[in-house]
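Working notes, structure below.
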Protein chains: 2
Amino acid sequence: MTRSLGRIPAPPPTLADVAERAGVSRQTVSNAVNNPDLLRTDTLARVQEAIEELGYSPNRAARNLRTRASHLIGMRINPAQEGTANATMDRFVHSLVETSGEAGYHVLLFAGSHLDPLDGYDDLLRSTAVDAFVVTDTYLGNPQAAWLELRRAPFVAFGRPWDNPDATHPWVDVDGAAGADLATTHLLDRGHQRIAWIGWRKDSRIGEDRRSGWSRALRSRDLPTTGLASRVEDTVASGREASAVLLDEARPSAFVCASDTLAMGVLHTLAERGLAPGRDIAVVGFDDSQVAQVVPPGLTSVRQPLEDVAVEIVKALEGLLGHPHRTSEGVLLTPTLAVRGSS
Amino acid sequence: MTRSLGRIPAPPPTLADVAERAGVSRQTVSNAVNNPDLLRTDTLARVQEAIEELGYSPNRAARNLRTRASHLIGMRINPAQEGTANATMDRFVHSLVETSGEAGYHVLLFAGSHLDPLDGYDDLLRSTAVDAFVVTDTYLGNPQAAWLELRRAPFVAFGRPWDNPDATHPWVDVDGAAGADLATTHLLDRGHQRIAWIGWRKDSRIGEDRRSGWSRALRSRDLPTTGLASRVEDTVASGREASAVLLDEARPSAFVCASDTLAMGVLHTLAERGLAPGRDIAVVGFDDSQVAQVVPPGLTSVRQPLEDVAVEIVKALEGLLGHPHRTSEGVLLTPTLAVRGSS
DNA sequence: TGATCCCTTTGGAACGTTCCAGTCCTGCGG
DNA sequence: CCGCAGGACTGGAACGTTCCAAAGGGATCA
């Protein structure tokens with residue numbers, strides 16, 4: 001093996017190199033890559049052979065400069081926080097990377113200041129570093145979406161524009177109410193009558209949406225909801241406290257929670273009281289995190305179809321980048337239930 | 001608010017626009033951005049004002065083309081798999097994004113075929129889409145590292161080059177043996193004498209490294225290890241079975257596991273037998289995943305300093321990209337122990 | 001035979017930046 | 001008074017691609 005020490009690696013071949021080798025012009029090589037059907041078949045074969053031999057791949061920077069497109073999708077990830085919320089986003093990022101990769105796009109991740117929800121977007125946008133954004137966490141009052149819309153920047157939101165009925169951007173979301181309904185109905189079918197809800201504070205749109213699925217399911221069987229609901233912070237400690245109070249005061253036989261984090265809190269309370277989840281008290285969580293999958297005896301949980309979300313988002317992005325002024329409808333997907341030992 | 005419907009958004013301002021507005025040449029604006037100390041202070045101020053007014057940001061594609069650098073770091077993420085292994089990588093990605101962002105780099109994620117560990121690298125490299133790679137999962141026999149090294153592509157590995165003592169690339173890793181030692185010593189200090197190990201199959205270098213920390217700690221106190229170790233797949237089910245067998249045959253009072261996944265398996269066994277983790281049997285996991293943090297009563301776990309790993313990796317990258325032919329040493333970091341209810 | 005059309009291929013220009021080799025100007029020493 | 005050095009700024013060229021207008025060469029038709 002020859003390994004010339006310290007030698008500067010040869011620069012990658014360019015269009016011109018391929019053209020010379022194949023005995024055609026630059027433009028013909030470019031066409032061979034981008035519009036193969038413009039070439040005569042024998043010319044195409046000759047060019048492709050030269051491309052193969054030289055290991056040619058179009059220089060991205062040059063292509064980006066000329067076409068004013070980067071084939072990059074920007075997504076901001078948020079500082080780590082307690083609980084299982086991050087895990088859902090991480091799962092989504094995986095799906096997004098795979099799906100957009102198949103569509104010829106790469107995902108560029110960036111971080112932003114904890115304080116400024118817009119930090120990072122502006123620079124990437126003005127320097128035309130990305131073609132579009134995927135915006136998450138639309139529940140924060142959604143300043144990114146409004147800001148991006150104002151700048152006419154292409155983006156797709158994972159999450160409904162809760163606070164902005166005039167929003168015209170495409171979005172994809174998961175039907176939280178349907179998920180909670182699914183979970184509650186599952187418990188009803190197992191014979192439970194008193195099913196408690198532990199959810200997030202009232203100002204969380206997502207939390208209220210999920211909660212509505214719980215109450216809808218109970219009311220559809222003429223069962224009461226009064227005294228059976230609690231709204232707290234999304235932490236294990238809050239879930240533990242809330243479930244302890246509910247057990248004492250409302251005597252439920254099952255819990256439906258707005259997150260796996262809260263459901264873990266319930267499991268803490270059960271463990272403290274020597275109650276067995278699934279046998280003595282049923283528990284259902286939300287998001288189907290790793291935690292739900294591995295905690296004994298398995299936590300039944302509502303699973304968001306994040307793979308499908310990614311597919312729909314990439315579809316919307318392709319539409320957006322192909323037809324710049326198309327107004328896209330929102331897409332609402334239905335979650336499923338992963339049933340485990342806790343119910 | 002004026003909002004001209006359907007109008008094509010104005011193209012972003014260029015160097016020339018700024019130059020005209022400030023009454024200087026393109027090059028002077030370029031210098032104002034990249035080498036401010038070359039300008040007279042009054043000129044600099046005038047240019048900066050023009051930049052501000054126009055909202056100018058250098059076009060990335062043009063800059064990349066000219067400087068042959070993209071300020072992007074490529075990282076391949078692997079298809080989701082069972083267990084908590086992914087969670088660690090996700091945590092690392094977060095840290096990497098934040099750290100590299102501070103150094104002026106963005107992270108480009110890409111997926112590759114499940115079958116071909118090299119899939120994706122080649123194209124990004126030849127098209128000069130990224131400046132460097134961060135390679136993870138070096139335990140697979142590490143074909144990426146060897147391949148990249150052969151191509152003289154800049155990269156830093158998260159993980160030691162176990163199989164290749166000749167490797168000259170920079171790497172950063174966490175001392176797994178020290179972590180397991182830490183965990184075991186912690187249990188010894190709490191009075192445990194018979195401490196079992198549940199780890200991975202013998203062909204896992206990482207697994208054997210961690211295991212060596214356990215046996216080292218026991219031997220340093222002249223305690224036996226015979227019959228106390230088990231090597232299995234990294235799944236909850238395997239952990240459960242292994243711990244059941246060990247409890248019956250070796251009667252340990254504590255378990256140290258090579259992963260939180262395996263530790264959760266132990267918790268399953270304990271739950272089945274009515275044993276309380278932490279009170280009846282102590283359990284320590286590895287990786288400090290979400291699971292460890294929220295499962296009752298809290299799982300003591302070895303925590304990898306991933307934030308520090310990211311910092312060291314970015315340092316190495318900067319060195320690599322600044323001085324192309326520097327041979328960098330490896331960096332080995334020491335993990336910490338997150339003590340919780342299970343011990 | 002010449003005009004017309006279409007298919008294939010071509011060369012120049014442009015995308016927006018930075019590199020490079022200057023030019024201009026001011027101040028200083030001889 | 002002249003020559004020279006060095007600081008501040010400039011204009012052309014180049015990075016590698018795609019767009020665009022046009023040229024070459026058959027084939028078809030009058």
Side-chain angles (χ1 to χ4, degrees), chain A residues 8 10-48 50-51 54-72 104 123-129 131, chain B residues 8 10-48 50-51 54-72 104 123-129 131:
Chain A
I8 292 166
T14 71
L15 263 186
D17 297 330
V18 178
E20 190 181 11
R21 181 169 198 112
V24 294
S25 70
R26 294 191 320 276
Q27 184 58 41
T28 300
V29 180
S30 176
N31 285 336
V33 174
N34 300 309
N35 301 88
D37 39 331
L38 285 182
L39 303 204
R40 229 170 42 209
T41 46
D42 59 328
T43 316
L44 180 59
R46 211 165 68 246
V47 174
Q48 282 173 335
I51 289 177
L54 293 175
Y56 168 76
S57 221
N59 179 299
R60 283 252 218 272
R63 175 178 272 183
N64 294 350
L65 174 59
R66 185 66 247 224
T67 61
R68 301 163 169 284
S70 65
H71 283 263
L72 250 40
D123 187 51
L124 288 171
L125 189 57
R126 288 195 310 197
S127 61
T128 61
D131 290 349
Chain B
I8 293 164
T14 71
L15 260 187
D17 298 330
V18 178
E20 189 181 13
R21 181 171 197 112
V24 295
S25 71
R26 292 191 322 275
Q27 185 58 42
T28 300
V29 179
S30 177
N31 286 336
V33 173
N34 301 309
N35 302 87
D37 38 330
L38 285 181
L39 304 204
R40 231 170 41 209
T41 47
D42 59 329
T43 316
L44 180 59
R46 211 165 68 246
V47 174
Q48 282 174 335
I51 288 176
L54 293 176
Y56 168 77
S57 220
N59 180 300
R60 284 256 217 277
R63 174 177 275 183
N64 293 351
L65 174 59
R66 185 68 246 225
T67 61
R68 298 163 174 284
S70 65
H71 283 261
L72 287 179
D123 188 51
L124 288 171
L125 188 57
R126 289 195 309 195
S127 61
T128 62
D131 290 349

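Order of the sequence lines fixes the chain letters, A, B, ..., with proteins taken first and strands second; residue numbering starts at 1 for each chain. All heavy atoms count here, side chains included; hydrogens, waters and symmetry mates do not.
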Practice task
Produce a footprint string for nucleotides 5-17 of chain D: one letter per nucleotide, 5' end first; B if the base is under 4.0 Å from any protein heavy atom, S if only the sugar-phosphate is, - if neither.
Solution key: ---SSBBBBBBBB
Exercise for the section: Just grab all the salt bridge (charged side-chain N to carboxylate O under 4.0 Å, His left out) pairs involving residues 35-48 of chain A, residues at least two apart or on different chains. Expected result: A/R40-A/D42
Problem - Sub-4.5 Å side-chain heavy-atom contact between B/V24 and B/V47 - result: yes
Practice task
Go through the steps to decide whether A/R63 and A/N34 satisfy the test side-chain contact (heavy atoms from CB on, under 4.5 Å), and finish with yes or no.
Solution key: CA-CA 11 Å; A/R63 175 178 272 183; A/N34 300 309; 3.1 Å; yes
Handout entry: Spacing of A/N35 atom CG relative to D/dC20 atom C1', expressed in whole Å
Key = 14 Å
Problem - A/R68: salt bridge (Lys or Arg N to Asp or Glu O under 4.0 Å) partners, not counting sequence neighbours - result: none
Problem - Distance-only side-chain donor-acceptor flag, B/D123 / A/S57, under 3.5 Å - result: yes
